[in-house]
Visitor: 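Questions regarding the structure given below will be posed in turn.
Computed from a predicted model, the values in this text were never measured in an experiment. Only heavy atoms go into these numbers, but all of them, side chains included; no hydrogens, no water, no symmetry mates.
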Amino acid sequence: MLDETCRADASECAAATLGRDPATGHPRPPRREFKARGSFTERCPGCNLPVLNCLCPYQASAESVARVWLITHPLEHLKPTNTGRLIRDVLPTTQVFTWYRTAPDERLLALLDDPRFAPFVIFPDDQPDYADRVVGISRVEEAKREDKVPVFILLDGTWRQARRIFRKSPYLERLPVLPLATARLTRYQLRKPASQAHLCTAEVAAELLRQSGDAEAAQVLDDYFDAFNVSYAASRRYEKIETPTAPMRRLLARRGW
């Protein structure tokens with residue numbers, strides 16, 4: 001879980017990164033002022049949710065054998081509805097990398113070469129050109145038996161952005177592709193998916209953790225996502241949540257409140 005200082009540092013770092021071209025280091029043209037719906041809402045500096053239903057009381061961390069690395073499209077950093085940050089809150093070992101086509105993050109490249117880890121790119125198995133790379137969830141257990149740390153690499157962005165990251169990142173081409181097999185439908189209320197079968201980033205991570213044996217971490221992340229989802233949706237309706245939901249109560253109990 002990140003404290004307020006860490007969040008501020010992360011925001012400043014993201015702002016500095018987005019302000020310069022990663023390939024040349026030259027300043028980008030200034031972005032137009034962000035005036036999307038909700039841009040004038042008073043937000044909590046800790047969780048970035050509207051203060052009407054702050055998420056901070058429900059932040060809880062968990063440990064897992066598997067790890068999550070997020071390759072995040074630059075525009076996702078600007079969206080308060082992004083759920084990738086929820087994974088980072090719950091799982092302290094989560095790594096976040098901003099994606100640029102011409103300038104991959106050197107930290108990510110180094111980690112991909114680290115023999116301690118067994119990384120899997122989470123992506124559908126719907127195209128024949130990478131069919132030979134597709135594996136099942138059993139490969140995660142094999143990695144554990146080989147004393148490797150399984151890593152789920154999530155492509156964090158819209159579906160179109162995720163496909164671009166997958167296709168335009170040569171360093172991912174040598175990695176096994178693990179499609180998420182689940183009958184679960186999305187509960188995400190803040191963006192309209194093309195299909196109810198399209199889970200958001202946090203939901204994907206929770207389901208992968210559950211399938212790979214990290215049941216407790218999966219439940220905490222699922223509860224935290226539910227608290228975020230319900231709190232944000234209520235704030236959009238200008239409604240104050242007076243009675244915590246069951247997931248909220250579990251998170252409070254976990255924190256000893």
Visitor: If every non-hydrogen atom of Leu55 is compared with every non-hydrogen atom of Phe228, which pair is closest and at what distance?
Guide: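 In terms of heavy atoms, the two residues are closest at CD1-N, 3.6 Å.
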
Visitor: Is it true that Val65 and Val204 fall in one hydrophobic cluster, defined by side-chain heavy atoms closer than 4.5 Å?
Guide: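 Unlinked, Val65 and Val204 end up in two clusters.
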
Visitor: Counting distance only, does the side-chain N/O of Arg85 pair as donor-acceptor with the main-chain N or O of Pro80 below 3.5 Å?
Guide: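 The answer is yes, because a donor-acceptor pair under 3.5 Å joins these two groups.
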
Visitor: Are any side-chain N or O atoms of Arg184 and backbone N or O atoms of Leu199, one a donor and one an acceptor, separated by less than 3.5 Å?
Guide: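 Side chain of Arg184 to backbone of Leu199, a donor-acceptor pair under 3.5 Å: no, none is there.
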
Visitor: Would you compute the distance between atom CZ of Arg133 and atom CZ of Arg174 and round it to the nearest 0.5 angstrom?
Guide: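 Output value for this atom pair is 10.5 Å.
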
Visitor: Could you walk me through whether Tyr188 and Thr81 pass the side-chain contact (heavy atoms from CB on, under 4.5 Å) check?
Guide: CA-CA 10 Å; Tyr188 193 37; Thr81 54; 3.4 Å; yes

Visitor: Side-chain contact, heavy-atom cut-off 4.5 Å: Leu180 with Glu207?
Guide: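 Yes, close enough: below the 4.5 Å cut-off.
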
Visitor: So Leu70 and Arg88, side-chain contact (heavy atoms from CB on, under 4.5 Å) or not? Walk me through it.
Guide: CA-CA 9 Å; Leu70 296 167; Arg88 185 179 58 185; 5.5 Å; no

Visitor: Taking the side chain as every heavy atom from C-beta outward, state whether Lys79 and Thr158 have any pair of such atoms under 4.5 Å apart.
Guide: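 They are in side-chain contact.
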
Visitor: Are side-chain heavy atoms of Pro104 and Ser169 found at a separation under 4.5 Å?
Guide: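 A side-chain contact is absent here, since even the closest heavy-atom pair is not under 4.5 Å.
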
Visitor: What orientation do Phe120 and Phe152 show, parallel under 30°, tilted 30 to 60°, or perpendicular over 60°?
Guide: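 It falls in the tilted class, 30° to 60°.
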
Visitor: Lys240 side chain to Leu52 main-chain N or O, any donor-acceptor pair under 3.5 Å?
Guide: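 Side chain of Lys240 to backbone of Leu52: a pair is present.
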
Visitor: May I ask you to decide if Gln59's main-chain N or O and Arg255's side chain share a donor-acceptor pair within less than 3.5 Å?
Guide: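 A pair under 3.5 Å: yes.
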
Visitor: If I compare all heavy atoms of Ala217 with all of Ser64, which pair ends up nearest, and what's the gap?
Guide: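 In this case the closest contact between Ala217 and Ser64 is CB-CB, 3.9 Å.
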
Visitor: Do His77 and Thr72 have side-chain N/O donor and acceptor atoms under 3.5 Å apart?
Guide: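 Absent: no donor and acceptor within the cut-off.
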
Visitor: For residues Glu203 and Leu221, determine if any side-chain heavy atom of one lies less than 4.5 Å from a side-chain heavy atom of the other.
Guide: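 No, side chains not in contact.
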
Visitor: Do the side-chain N and O atoms of Asn53 and Tyr232 include a donor-acceptor pair separated by under 3.5 angstrom?
Guide: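 Their side chains do not contain a donor-acceptor pair, so the 3.5 Å distance test is not met.
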
Visitor: Donor-acceptor check, side chain of Arg139 to backbone of Val134, threshold 3.5 angstrom: yes or no?
Guide: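 The answer is no, because no donor-acceptor pair under 3.5 Å joins these two groups.
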
Visitor: Do we see a donor-acceptor contact under 3.5 Å between the side chains of Ser212 and Glu141?
Guide: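 Note: Ser212 and Glu141 side chains miss the donor-acceptor criterion.
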
Visitor: How close do Pro124 and Val177 get, heavy atom to heavy atom, and via which atoms?
Guide: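 Heavy atoms of Pro124 and Val177 come nearest at O-CG1, 4.5 Å.
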
Visitor: Can you check whether Leu178 reaches Leu208 side chain to side chain, under 4.5 Å on heavy atoms?
Guide: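 Answer yes - side chains close enough.
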
Visitor: Between Leu209 and Leu91, is a side-chain contact (heavy atoms from CB on, under 4.5 Å) present by the stated rule, with each step listed?
Guide: CA-CA 11 Å; Leu209 290 169; Leu91 303 177; 3.9 Å; yes

Visitor: Does a side-chain N-to-carboxylate-O contact under 4.0 Å join Glu146 and Lys148?
Guide: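 A salt bridge is absent here (no side-chain N lies under 4.0 Å from a carboxylate O).
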
Visitor: Is the shortest heavy-atom distance from the side chain of Asp105 to the side chain of Thr98 under 4.5 Å?
Guide: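 The answer is no, as the side chains (C-beta and beyond) never meet within the 4.5 Å cut-off.
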
Visitor: Do Val230 and Ile241 come close enough that some side-chain heavy atom pair is under 4.5 Å?
Guide: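 Yes - at least one pair of side-chain heavy atoms lies under 4.5 Å apart.
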
Visitor: Specify the closest pair of heavy atoms between Ser231 and Leu49, including all atoms of both residues, with the distance to one decimal.
Guide: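 Heavy atoms of Ser231 and Leu49 come nearest at CB-CD2, 3.9 Å.
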
Visitor: Is a salt bridge present between Asp222 and Arg210, judged by a nitrogen-to-oxygen distance below 4.0 Å?
Guide: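 Judged by the 4.0 Å cut-off on N to carboxylate O distance, Asp222 and Arg210 do form a salt bridge.
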
Visitor: Which distance, rounded to the nearest 0.5 Å, do you find between the CG of Leu251 and the CD of Gln219?
Guide: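 Between Leu251 CG and Gln219 CD, I get 9.0 Å after rounding to 0.5 Å.
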
Visitor: Under the 3.5 angstrom rule, does the side chain of Asn229 hit a backbone N or O of Gln189 as a donor-acceptor pair?
Guide: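 Pair found, side chain donor or acceptor close to backbone of Gln189.
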
Visitor: Taking all heavy atoms of Ala181 and all of Gln211, pick out the closest pair and write down the distance.
Guide: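 Minimum heavy-atom separation between Ala181 and Gln211: O-NE2, 2.9 Å.
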
Visitor: What verdict does the ring-ring contact (aromatic ring centres under 6.0 Å, His included) test give for Trp159 and Phe123, after you've listed the backbone C-alpha separation in whole Å, the side-chain angles of each residue and the deciding distance to 0.1 Å?
Guide: CA-CA 10 Å; Trp159 183 233; Phe123 203 72; 5.6 Å; yes

Visitor: Counting N and O atoms only, with roles assigned by atom type, does the side chain of Asp223 sit under 3.5 Å from a partner on the main chain of Arg250, one being a donor and the other an acceptor?
Guide: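 No, the answer is negative, given that no donor and acceptor are paired below the 3.5 Å cut-off.
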
Visitor: Provide the closest heavy-atom pair for Ala60 versus Arg254 in the form atom of the first, atom of the second, distance.
Guide: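 Result for this residue pair: CB-CD, 3.9 Å.
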
Visitor: Say whether Leu175 and Trp99 are linked into one hydrophobic cluster, either directly or through other cluster members, by side-chain heavy-atom distances under 4.5 angstrom.
Guide: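 Yes, one cluster joins them.
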
Visitor: Would you kindly say whether Thr94 and Trp69 are connected by a side-chain donor-acceptor distance under 3.5 Å?
Guide: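 No pair is found: no donor N or O on one side chain lies under 3.5 Å from an acceptor on the other.
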
Visitor: Do Ile87 and Phe225 have side-chain heavy atoms sitting under 4.5 Å apart?
Guide: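 A side-chain contact under 4.5 Å is absent here.
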
Visitor: What verdict does the side-chain contact (heavy atoms from CB on, under 4.5 Å) test give for Leu155 and Leu172, after you've listed the backbone C-alpha separation in whole Å, the side-chain angles of each residue and the deciding distance to 0.1 Å?
Guide: CA-CA 11 Å; Leu155 310 182; Leu172 298 180; 4.3 Å; yes

